[in-house]
Engineer: 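Take a look at this one; I'll ask things after.
Residue numbering restarts at 1 for every chain, and letters A, B, ... go by the order of the sequence lines. All heavy atoms count here, side chains included; hydrogens, waters and symmetry mates do not.
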Amino acid sequence: MDRAGFLRLEASMTGLPSPDEVEGWLRRLWPIMRSITGAGQRLTHDMLAELVPFDHWDIPSGTRILDWEVPREWVFRRATLEDPAGRRILDAAEHTLHLVNYSQPFQGSLDLAELQPHLHSLPDRPWAIPYVTSYYAPHWGFCLSDEMRAGLAEGRYGVTIDTEMIDGVMRVSDCVLPPSPGEEDGGEVLFSSYSCHPSMANNELSGPLVLAFLYRALAALPRRRMTYRFVLGPENVGSIAYLSRHGEHLRQRLRAGYVLTNIGDRQPLSLKKSQRGDTLAERAAIQAFTDRDIPHRLLDFDPRGADERNYCSPGYNFPVCALMRSYFQQNPAYHTSDDNLDFVTAESIIAAVEACVDICRVIEANRIWRNTAPFGEPFFSRHDLAPTLSTPGVSADRQLLARRWLLNQCDGSRDILAIAQRCHMPVALLAEQAAILAQAGLLAPGSDHAVSHHLRG
Amino acid sequence: MDRAGFLRLEASMTGLPSPDEVEGWLRRLWPIMRSITGAGQRLTHDMLAELVPFDHWDIPSGTRILDWEVPREWVFRRATLEDPAGRRILDAAEHTLHLVNYSQPFQGSLDLAELQPHLHSLPDRPWAIPYVTSYYAPHWGFCLSDEMRAGLAEGRYGVTIDTEMIDGVMRVSDCVLPPSPGEEDGGEVLFSSYSCHPSMANNELSGPLVLAFLYRALAALPRRRMTYRFVLGPENVGSIAYLSRHGEHLRQRLRAGYVLTNIGDRQPLSLKKSQRGDTLAERAAIQAFTDRDIPHRLLDFDPRGADERNYCSPGYNFPVCALMRSYFQQNPAYHTSDDNLDFVTAESIIAAVEACVDICRVIEANRIWRNTAPFGEPFFSRHDLAPTLSTPGVSADRQLLARRWLLNQCDGSRDILAIAQRCHMPVALLAEQAAILAQAGLLAPGSDHAVSHHLRG
Amino acid sequence: MDRAGFLRLEASMTGLPSPDEVEGWLRRLWPIMRSITGAGQRLTHDMLAELVPFDHWDIPSGTRILDWEVPREWVFRRATLEDPAGRRILDAAEHTLHLVNYSQPFQGSLDLAELQPHLHSLPDRPWAIPYVTSYYAPHWGFCLSDEMRAGLAEGRYGVTIDTEMIDGVMRVSDCVLPPSPGEEDGGEVLFSSYSCHPSMANNELSGPLVLAFLYRALAALPRRRMTYRFVLGPENVGSIAYLSRHGEHLRQRLRAGYVLTNIGDRQPLSLKKSQRGDTLAERAAIQAFTDRDIPHRLLDFDPRGADERNYCSPGYNFPVCALMRSYFQQNPAYHTSDDNLDFVTAESIIAAVEACVDICRVIEANRIWRNTAPFGEPFFSRHDLAPTLSTPGVSADRQLLARRWLLNQCDGSRDILAIAQRCHMPVALLAEQAAILAQAGLLAPGSDHAVSHHLRG
């Protein structure tokens, strides 16, 4: 039984993508007109299914999901604006952001003054096209740079918005990766991202791509205890739908979860804590970052953000953090055309996948052990667990020290993460030494009761 | 139901006094020879009854009150000291501090050496008359400046102390201001001060005056939940008497209390915490100071001070703080003739009244709510609680953020104060938004059990 | 009943040794060839029995003790090394460290190359002889300075190691000092040190000497509540043996314990905390150091060190700290011939004894009291506990303040140490004033339940 094996498999992490592969995927996904429903969102899921064997759940419009209902499906065909001279000055085929997302259909000509309420631009960022949506109130409109808007001449403008609202479906996809055959069942780890944003790279092609490559990397590694669940849907309404179906299952099974979002830019990783703030999710991530010297920032929970707001709503209050780089509104490119393919890097996306694998390693390694010879320190020499010759300096040996910490701390109430934090040793070392002590019969698995108390996050 | 109304009534705070009114009261109360019993104390209560409809409780001498008994009543008529030349050099009619408070009667002439044990002065503050009392051992004496004492010539001095100890009464007054008609019952808030000090302005005309004007201000405001109790008696023995009668009632009903003392000088407000240190009393005061940007100091509890020592004695251990400006012995004018009408300002007294009203607003607004749709974030658009058009920047809107925090945090265990502290938002904003969410049916009152646990201070 | 008496007996602390006495003992004990078993260890115990009326427990080789068994007894007679010229260059009679402790017998001649694996020296500290042991694997060897080793010529060396492994005994000694006749039973305080190290002064003649002189000092003082237990054996295996016999007794009775080690050098005192980190042991020591202005360092627990690793093993998890000066490996002289008689001072040893007595005073004084008049402040004047004349400044009197803190805090749940920490007053003052209040009937002993909860460390 090589319980520590999972932790030593860096060399065999064959699932990691190359920078070229990441860039190829970014270019493929970029131009699609995505929204919370519709063909663009389904196409995106179909393409990512090349990496992840997703189950697609197409939920009919009008289905009740918690306090919400599934919106009608948005059909997009074409959207253009012609100036008084008949020149096509905006075309959603050139940049998906030019159309207000979820625009109602409209065909006609308007004076500039009539058109203005349907135009959206950013005076503070005059070169950029904003990302504007109107999911839940009928509206149509165009988004453009403030510079361009300032140059619009008086006269009549021709509007063609060929869209349609139909009774269709909204897609949420998931995939469950169980432990390797014959292994234990230690509960589930959730990774969740969203696929409803049109042409913006960091927010949100980065999250789905990290999720997909992470699946491939974990599928190639032995999994000793954890089941991994990957969820992709439209932001907010997608996790609402998912929770409406799987919320009770997750309440029983979920040990840690991470919403992946805005994770492809050049900033260090940020961990936004769960509402509870001290669950296995943040404990494992912080320890993984510490053990691997990964620069990172910690952010307190707040109820804005992406799907964590639903996972952390008071009825669920799940151990779910958000893992990101730049934080939403603190990023000036957020929700504008400046969030483009230059704003993200393949290296950032690959490093995020690696960091997620590191977190999973920590969670896999995190167990509750119980010292089976708790009265006094065991006789190391009899168990062949210490050097027989005591010379000055040798007792500082880190492996021996790890064994001593484990034997001292493993009273059946503490998990490896708690011990790592107390003794300032990496989880990998502690898990490896715990396996050796277990082999020698000096550690045994802690009680179920203690496990449920501690490992449920 | 306008639950937030109480918080918006700044403009109608008609009960606040003008500086002229405060100064008039200070001058009226100043010359009275007060003590823990006697006509001066009763007169003070009678005068303040112009502002507060007090019930006067005149307790007979000798009545057992907890570990104490009500002392005999002190009758003061006249006290003078004549020098060997027959000149009247001290007269309690000129400054009440000249007579040791509770002096026994004495008439006779003494040599200077015989007189000295009956003279009290302050070598370190040679210009000031000290405040000396001898309630519980028979003594007579005069207080004078050390400078004057140094100039006393040898010879015989004529002493006239026309006082008397009789079986009389000690007065404790109170007044209870209930919630406005038809409102809920959320327990009681106590304000307590004392009226036994002769001519000192800060300690203690300021406390009774803040108490009286606070009554008037609160009586003019709608009161949604709380009953306000105002208590005035002699220091220490007065609260002992009050607790002997009302201690059990307060144990059931008291949510927060404040001893008002030394609160008229030029220092910022100081909050001396209760023994427990984390009750509703300090939580509400600190939040009110924070929300209103009121400069203040926090002092840890200690068992000296004024009546808080009794309210916080271990048998009661009530949520009672002291609210003051300069802190007792840290103020060099304390208990001397330097604590005069120039030492206090009407503005300080008015600002203290306003701060107390602010604290009461916070307590009134502090409720436990429960999210009635706790699974996922509610569908704001359906409830008409969010802008329908999502454009960059708008989701930072503070009202919407307050709603999100409330829905996330209102699990039936946290009160508004706890939420305000977590999300760094003012109680007024949170209470206003909670009322809107309650109107929409998304928040309901928390359970009684949770209320009793949290709101009992 | 003079409960505070123990605290005032500084003047009569007749048991303290003089510097000459300490130095005499250091010189007597220095040259003995000690090990975890054998005649040298027994001789050391016999000699120290002049100071402490020890019970000697000689445990037969092979006895099962927890996870261990008692090793065979090591008989040492002689150990020399002769160079190729026949000169005796090493002799354990000149320095006990020259022989690897527990060396197997060997007689013969070897080439230098054959000899090298049996030589031990310190390249980083080339002048020093290291201390090397091989208790649990058969080995023989010599320890010498690296400088000397570098000068060894080629040729054949003559080895004489006249030792023997026999079925003998291992000695653990203890002594129990009960409370003075007629006093209460407040549980036990443990002092533990070890006697297996050959000629090193700080590690470990200092610990046994502090332990022995502490016995003499405490035996000369009145002991109001505590039983003192003194344990001396070989390091590690000795405490294993002791716990195998007395572990359950200590679980019932032990309130605080201290392993005395490395306590004679010139560094300030260090307290290494117990595994629990907040027991009576560290609370009392820190308070004693604070009250007496004893410079000290606090060290977090780690599972290395001396016998504390066994006392703090998870099956026991006792309130046992280590009291030392320089900390093991952080001391470059540790486990080398530099830990000699110049490395320690008689003054450091005497000061350590005094500090231990101070700690015992605090533990003796630490009680849980209950205010018998908890409703309001008691009427001090009636109980004759306060000055009857109130003049400015006098209420700051520290004795009166201590009384107020005690009456306020003694709700039957807090011990004197907790009150001392809250009010920043010395335990001696609080205990003295508590005795006065108890005399007046205002304090009574707290409940057994509370005592057991708080005082069990």
Side-chain angles (χ1 to χ4, degrees), chain A residues 368-416 418-425 429-430 433-434 437 440-444 446-447 450, chain C residues 64-69 71 100-102 120-122 124-125 128-139 141 143 235-237 239-244 247-248 251 275 277 300-305 307-317 328-336 339:
Chain A
I368 293 183
W369 294 100
R370 183 175 50 80
N371 180 342
T372 61
F375 298 101
E377 191 174 86
F379 187 18
F380 280 127
S381 302
R382 180 162 68 81
H383 299 286
D384 204 18
L385 290 168
T388 51
L389 196 72
S390 169
T391 54
V394 167
S395 68
D397 171 78
R398 275 175 69 76
Q399 292 188 335
L400 182 58
L401 183 56
R403 287 173 204 170
R404 288 197 154 123
W405 271 115
L406 286 161
L407 289 165
N408 182 270
Q409 293 291 301
C410 287
D411 63 355
S413 80
R414 298 182 186 95
D415 61 13
I416 293 285
I419 299 171
Q421 186 164 11
R422 173 143 188 195
C423 71
H424 307 293
M425 288 187 164
L429 172 62
L430 290 169
Q433 294 302 313
L437 291 171
L442 289 171
L443 290 185
S447 74
Chain C
R64 177 83 187 196
I65 45 173
L66 301 177
D67 192 51
W68 299 52
E69 65 180 42
V100 168
N101 205 279
Y102 244 60
H120 304 277
S121 64
L122 296 171
D124 291 346
R125 203 167 178 85
I129 311 166
Y131 167 51
V132 177
T133 69
S134 181
Y135 299 138
Y136 301 110
H139 180 73
C143 301
E235 191 180 9
N236 208 1
V237 67
S239 50
I240 292 286
Y242 200 77
L243 285 165
S244 75
E248 282 311 306
R251 188 192 306 286
Q275 193 284 129
D300 283 333
F301 176 79
D302 78 63
R304 289 172 295 189
D307 296 299
E308 65 270 23
R309 77 182 96 163
N310 295 317
Y311 295 122
C312 293
S313 62
Y316 299 116
N317 207 8
F328 297 106
Q329 286 89 346
Q330 292 167 15
N331 165 20
Y334 174 74
H335 277 198
T336 76
D339 180 358

Engineer: Side chain, backbone, both or neither: which part of C:Asp302 has a heavy atom under 4.5 Å from chain A?
Structural biologist: both
Engineer: For a side-chain hydrogen bond (donor to acceptor under 3.5 Å, both in side chains) check, start with the C-alpha distance between C:Gln275 and A:Arg422, then their side-chain angles and the critical distance, and finish with the verdict.
Structural biologist: CA-CA 11 Å; C:Gln275 193 284 129; A:Arg422 173 143 188 195; 2.6 Å; yes
Engineer: Give a yes or no on whether a salt bridge exists between A:Arg382 and C:Asp67, defined as a side-chain N under 4.0 angstrom from a carboxylate O.
Structural biologist: yes
Engineer: Go through the atoms of C:Phe301 and report whether side chain, backbone, both or neither lie under 4.5 Å from a heavy atom of chain A.
Structural biologist: both
Engineer: Taking the six-membered ring for Trp, are C:Tyr316 and A:Phe375 ring centroids under 6.0 Å apart?
Structural biologist: yes
Engineer: Heavy-atom distance under 4.5 Å to chain C: side chain of A:Asn371, backbone, both or neither?
Structural biologist: side chain
Engineer: In terms of heavy-atom pairs under 4.5 Å with chain C, which of A:Gln409, A:His383, A:Glu377 leads?
Structural biologist: A:Glu377
Engineer: Does the pair C:Arg64/C:Glu69 count as a salt bridge with the N-to-O cut at 4.0 Å?
Structural biologist: no
